[in-house]
Number of protein chains: 2
Amino acid sequence: MAPRNADTKEDILRLGTELIQLYGYNAFSYADIAKNLHIRNAAVHYHYPGKEDLLAGIIDNYMEKYRQLEASLNQPGITAQQKLEAYMARYTEIVEQNKICIIGSVCSDYNTLPASVKERIHDLVTMVLDMVEKVLLEGKRLKQFHFSGNARTQTLLIMTNLAAGAQLSRITGKGDYLAICKGILQQVKA
Amino acid sequence: MAPRNADTKEDILRLGTELIQLYGYNAFSYADIAKNLHIRNAAVHYHYPGKEDLLAGIIDNYMEKYRQLEASLNQPGITAQQKLEAYMARYTEIVEQNKICIIGSVCSDYNTLPASVKERIHDLVTMVLDMVEKVLLEGKRLKQFHFSGNARTQTLLIMTNLAAGAQLSRITGKGDYLAICKGILQQVKA
DNA sequence: AGCTAAACTTACTATTTAGTAAGTTTAGAC
DNA sequence: GTCTAAACTTACTAAATAGTAAGTTTAGCT
């Protein structure tokens, strides 16, 4: 095997992720990627035959990163609140870069996507919701969190706050996002 | 003046709104509109010279409808909770049609939009937030609502719940959206 | 040294895109 | 009845789009 540049596939993935979070799936083209990476259009097609293959790769990669974050948090001594704040910090990073989360971005284009990609998105969402729900349950069990209603509903409330908070902050400014974060913690803090 | 069909402009606006809410701004073309309305591409350009003019028109129209809703609710005998539920009902309608709200839809494409459109989106968001904040303040004053923190933050929390709730329900199903709605009301109900 | 396969480039195609210029139809004002 | 302007259609263009087929370079294995 003779990889001239073994990082190109990674670079495409990283840039594609960035373009989706900044401009949306239907607003960037293979030409944009090729131009930015100083390769030809066909080189992008070599690594990802079609745009939906690239999107599938991006989502898989996003899931993998989430799994890694979860694993790094599942260590003794890390409280439920620290875990929740770690998840929230991911959104804060996104907001600081004027991005939105992948899920929120592809959601507007969702009805135009092929079934294989829809399934991946579904799996990603399910995974994230389950991860946060676990943290909320753990926090409640250890009396670190308090909330009325069930953990699933509270998870949905928090994650929609974060996802749409990132979106909103693009329009009205980052102040609103910060207010939302404070509000979330106030709601669950014991 | 001789309008052969005076409703065409309205039809374009209505269909454009629908396409944005269903597929996203960058996922539909003038050809889609022309085909659906059985007119030619150039006829769409006649009414809306460029795609951004159409988007501007759609947003203006959306604002107008919100103003009308607010006016219809500002009548004696309508409680704050009824008003809040009326706003929430708009999102429920959207969810039932597999749509998402205009703001959430254009948000992923926001960074690709011209300044004139960005301003309109900003105005729309500001208006909606102000409307809901007023209702929350009224409800709190009349002891119909209770919530800790200020009304602005509570408004942000609720509106992000609704916007992202609609988006999420596309992926995981309408059940999650309904749970979110119940959660919202439980949070503010006295 | 030569074979092989990965990682490309060159060169192209068909389609879709927004957009335009110029001509046509139609309804109502006068 | 004629004039006028709104509301179109026809017939285009230039650019961008995803995608492909075929050839080229390069690194490592033997």
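Since the model is a prediction, treat every value here as computed from it, not as a measurement. Proteins get letters first, then strands, A, B, ... in listed order; numbering begins at 1 in each.
Considering only side-chain N and O atoms, Tyr46(B) lies nowhere under 4.0 angstrom from the phosphate OP1 or OP2 of dC8(D). For the OP1/OP2 pair of dA7(C) and a distance below 4.0 Å, the side-chain nitrogens and oxygens of Thr8(A) include no atom meeting the criterion.
With sequence neighbours excluded, no residue forms a salt bridge (Lys or Arg N to Asp or Glu O under 4.0 Å) with Arg170(A). Asp60(A) is linked by a salt bridge (Lys or Arg N to Asp or Glu O under 4.0 Å) to Arg120(A), counting only residues two or more places apart in sequence or in another chain. Among residues two or more places apart in sequence or in another chain, the salt bridge (Lys or Arg N to Asp or Glu O under 4.0 Å) test is passed with Glu18(B) by Arg14(B). Residues passing the ring-ring contact (aromatic ring centres under 6.0 Å, His included) test with Tyr30(A), sequence neighbours excluded: His45(A). Applying the ring-ring contact (aromatic ring centres under 6.0 Å, His included) test to Tyr91(A) and every residue at least two apart in sequence or in another chain returns nothing.
At whole-Å resolution of the value, CD in Glu10(B) and P in dC8(D) are 12 Å apart. Taking atom NZ of Lys51(B) as the reference point, atom P of dG19(C) lies 9 Å away to the nearest angstrom. Rounding to whole angstrom units, NE2 of residue His47(B) and P of dA18(C) are separated by 17 Å.
Residue pairs satisfying the side chain to side chain donor-acceptor pair (under 3.5 Å) criterion with at least one member in residues 97-110 of chain A, sequence neighbours excluded, are listed as follows: Asn26(A)-Asp109(A), Asn98(A)-Asn111(B), Ser108(A)-Ser108(B). Listed by first then second residue, pairs satisfying salt bridge (Lys or Arg N to Asp or Glu O under 4.0 Å) with a partner in residues 76-92 of chain A read Lys83(A)-Glu138(A), not counting sequence neighbours.
Around the NZ atom of Lys118(A), the shell of radius 6.0 Å holds more than 12 heavy atoms that belong to other residues, nucleotides or ligands.
Contact check of residues 24-35 of chain B against DNA chain D (heavy atom, cut-off under 4.0 Å) returns no residues at all. Contacts of residues 38-45 of chain B with DNA chain C (heavy atom under 4.0 Å): Asn41(B), Ala42(B), His45(B).
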